Amino acid sequence: MSIKIENLYYTYMDGGPFEKTALQDINIEINDGEFVGIIGHTGSGKSTLIQHLNGILKPTKGYVIINNINTQQKNLKELRSQVGIVFQYPEHQLFEETVKKDIAFGLIKQGLSQEEIDKRVIQSLESVGLNESILDKSPFELSGGQKRRVAIAGVIAMMPKILVLDEPTAGLDPIGRDEIFGYIKKLHKDFNMTIILVSHSMEDVARLTDRVIVMNQGSVFMDKPSREVYAEPEALEKIGLSAPQITYLMKRLKKSFPNINENVFTVEEA
Ligand code: ADP
């Protein structure tokens, strides 16, 4: 078991006049090597949930255990080396003078040897389709898509067992999007990395993941194999899809899962 979340509640500004319960009674178990999508409306609790995975937020109640590490504990070094989180628009956090220094930043903090750092910088760049030619460039000279990839490489370089991505392709064009998803799929396959993808895009989640968790108002509304979730009209409604969007999605899904039993598509065509 890679991730175990039990009876998790989280309240912002707990006890204050503006307290806000963002998560309630969350119970989720994720095994090594799963590829899980988390979807839900804005404000449904997705980012609050993922920030519990490396201890940025600590449960108000309940617990989160990652590979036997309880996130309540004070020393988070081991946890942070196991869980990499790529936040939305991660390129906003690039700050070093060169691409190389930016990717190496976390590795230096981990106390790795220079040789190991150099190796990992190159490997992680390659895993997002970039090469050494940009190592000495300033991150600010790069295109939007390249910056995004450098930022993702900085997380991958830590070789996390669990990679969490919050809308990793937001704002990219369709080609950039497909490329990044291609690299994520490859990481999942080659290293059996556990991937958690937070997305608004039903289509991306349907195409990529094995399992979907639908969040609604701070609770898990549904947690099922991807192909089943999309056969549930109320799940589709909950995430705000219109009838034409549902019809379109069903058609795309039939392409993605050619062997799927047609009966699972219970949604009426619009
Ligand atoms: P999502 O990622 O699905 O958009 P969030 O986890 O950001 O949802 O938000 C869940 C709820 O918690 C929302 O009602 C949001 O307004 C509230 N919230 C998020 N961050 C904070 C914060 N820093 N302080 C107070 N409330 C917050």
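The structure presented is a predicted model; accordingly, all values stated were derived computationally and were not measured. Note: hydrogens, waters and symmetry copies are ignored here, and every other heavy atom, side chains too, is used.
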Between the main-chain N or O of [Y] and the side-chain N or O of [X], is there a donor-acceptor pair closer than 3.5 Å?
{"X": "K4", "Y": "V64", "answer": "no"}
{"X": "E228", "Y": "K224", "answer": "no"}
{"X": "N27", "Y": "N7", "answer": "yes"}
{"X": "R149", "Y": "G144", "answer": "no"}
{"X": "R177", "Y": "L172", "answer": "no"}
{"X": "S138", "Y": "T98", "answer": "no"}
{"X": "E34", "Y": "N31", "answer": "yes"}

What heavy-atom pair brings [X] and [Y] nearest, and what distance separates the two atoms?
{"X": "P160", "Y": "V83", "answer": "CB-C, 4.1 Å"}
{"X": "G40", "Y": "K46", "answer": "O-NZ, 2.8 Å"}
{"X": "E97", "Y": "P139", "answer": "O-CD, 3.6 Å"}
{"X": "I117", "Y": "A104", "answer": "CG2-CB, 3.7 Å"}
{"X": "S47", "Y": "D166", "answer": "CB-OD2, 4.0 Å"}
{"X": "S127", "Y": "S124", "answer": "OG-O, 2.8 Å"}

In Å, rounded to the nearest 0.5 Å, how long is the span from [atom1] of [X] to [atom2] of [Y]?
{"X": "I180", "Y": "I152", "atom1": "CD1", "atom2": "CD1", "result": "4.0 Å"}
{"X": "S2", "Y": "I162", "atom1": "OG", "atom2": "CD1", "result": "3.5 Å"}
{"X": "L23", "Y": "L49", "atom1": "CG", "atom2": "CG", "result": "5.5 Å"}
{"X": "K185", "Y": "T209", "atom1": "NZ", "atom2": "OG1", "result": "11.0 Å"}
{"X": "D102", "Y": "K137", "atom1": "CG", "atom2": "NZ", "result": "15.0 Å"}
{"X": "I65", "Y": "Q73", "atom1": "CD1", "atom2": "CD", "result": "9.0 Å"}

| said: What verdict does the side-chain contact (heavy atoms from CB on, under 4.5 Å) test give for I56 and F87, after you've listed the backbone C-alpha separation in whole Å, the side-chain angles of each residue and the deciding distance to 0.1 Å? | reply: CA-CA 12 Å; I56 298 172; F87 288 103; 3.5 Å; yes
Please check if atom [atom1] in [X] has more than 12 non-hydrogen atoms from other residues, nucleotides or ligands closer than 6.0 Å.
{"X": "E179", "atom1": "CD", "answer": "yes"}
{"X": "E132", "atom1": "CD", "answer": "no"}
{"X": "K100", "atom1": "NZ", "answer": "no"}

Enumerate, atom names and distances included, each donor-acceptor pair closer than 3.5 Å involving a side-chain atom of residues 107-114, sequence neighbours excluded.
from : atom 1 : to   : atom 2 : distance (Å)
S113 : OG     : E116 : N      : 3.2
Q114 : NE2    : D118 : OD1    : 3.0

Membership question, hydrophobic clusters at under 4.5 Å side-chain separation (ILVMFWY): are [Y] and [X] in the same one?
{"X": "L142", "Y": "I122", "result": "yes"}
{"X": "I66", "Y": "I85", "result": "yes"}
{"X": "F35", "Y": "M159", "result": "no"}
{"X": "I28", "Y": "L8", "result": "yes"}
{"X": "Y63", "Y": "I196", "result": "no"}

| field | side chain to side chain donor-acceptor pair (under 3.5 Å) evaluation trace for Q82 with N67 | value | CA-CA 8 Å; Q82 298 206 16; N67 292 329; 2.6 Å; yes
For residues 11-19, which side-chain N or O atoms pair as donor and acceptor with protein atoms under 3.5 Å away, sequence neighbours left out?
from : atom 1 : to  : atom 2 : distance (Å)
T11  : OG1    : T21 : OG1    : 3.2
Y12  : OH     : T48 : OG1    : 2.8
E19  : OE1    : G15 : N      : 2.6

[X] versus [Y]: any side-chain heavy-atom pair under 4.5 Å?
{"X": "N54", "Y": "L76", "answer": "no"}
{"X": "H52", "Y": "Y10", "answer": "yes"}
{"X": "S44", "Y": "Q217", "answer": "no"}
{"X": "L208", "Y": "I195", "answer": "no"}
{"X": "I213", "Y": "V36", "answer": "yes"}
{"X": "L125", "Y": "I103", "answer": "yes"}
{"X": "V155", "Y": "L163", "answer": "yes"}
{"X": "F181", "Y": "R207", "answer": "yes"}

| request: Determine, stepwise, if the pair V220 / M215 fulfils side-chain contact (heavy atoms from CB on, under 4.5 Å). | output: CA-CA 5 Å; V220 173; M215 296 291 295; 4.0 Å; yes
| Can R211 and D223 be said to form a salt bridge (charged side-chain N to carboxylate O under 4.0 Å, His left out), step by step? | CA-CA 7 Å; R211 169 178 167 192; D223 178 355; 2.8 Å; yes
| query | Could you walk me through whether L197 and I38 pass the side-chain contact (heavy atoms from CB on, under 4.5 Å) check? | reply | CA-CA 6 Å; L197 172 69; I38 300 183; over 6 Å; no
| request: Go through E167 and Y89 one step at a time and tell me if the side-chain contact (heavy atoms from CB on, under 4.5 Å) criterion holds. | output: CA-CA 8 Å; E167 301 278 2; Y89 295 94; over 6 Å; no
| request: Evaluate side chain to side chain donor-acceptor pair (under 3.5 Å) for Q24 paired with Y9, printing each intermediate quantity in order. | output: CA-CA 4 Å; Q24 44 199 336; Y9 285 74; 5.9 Å; no
| task | Please test R80 against E78 for salt bridge (charged side-chain N to carboxylate O under 4.0 Å, His left out), starting from the C-alpha separation and ending with a verdict. | result | CA-CA 5 Å; R80 298 261 160 99; E78 176 58 22; over 6 Å; no
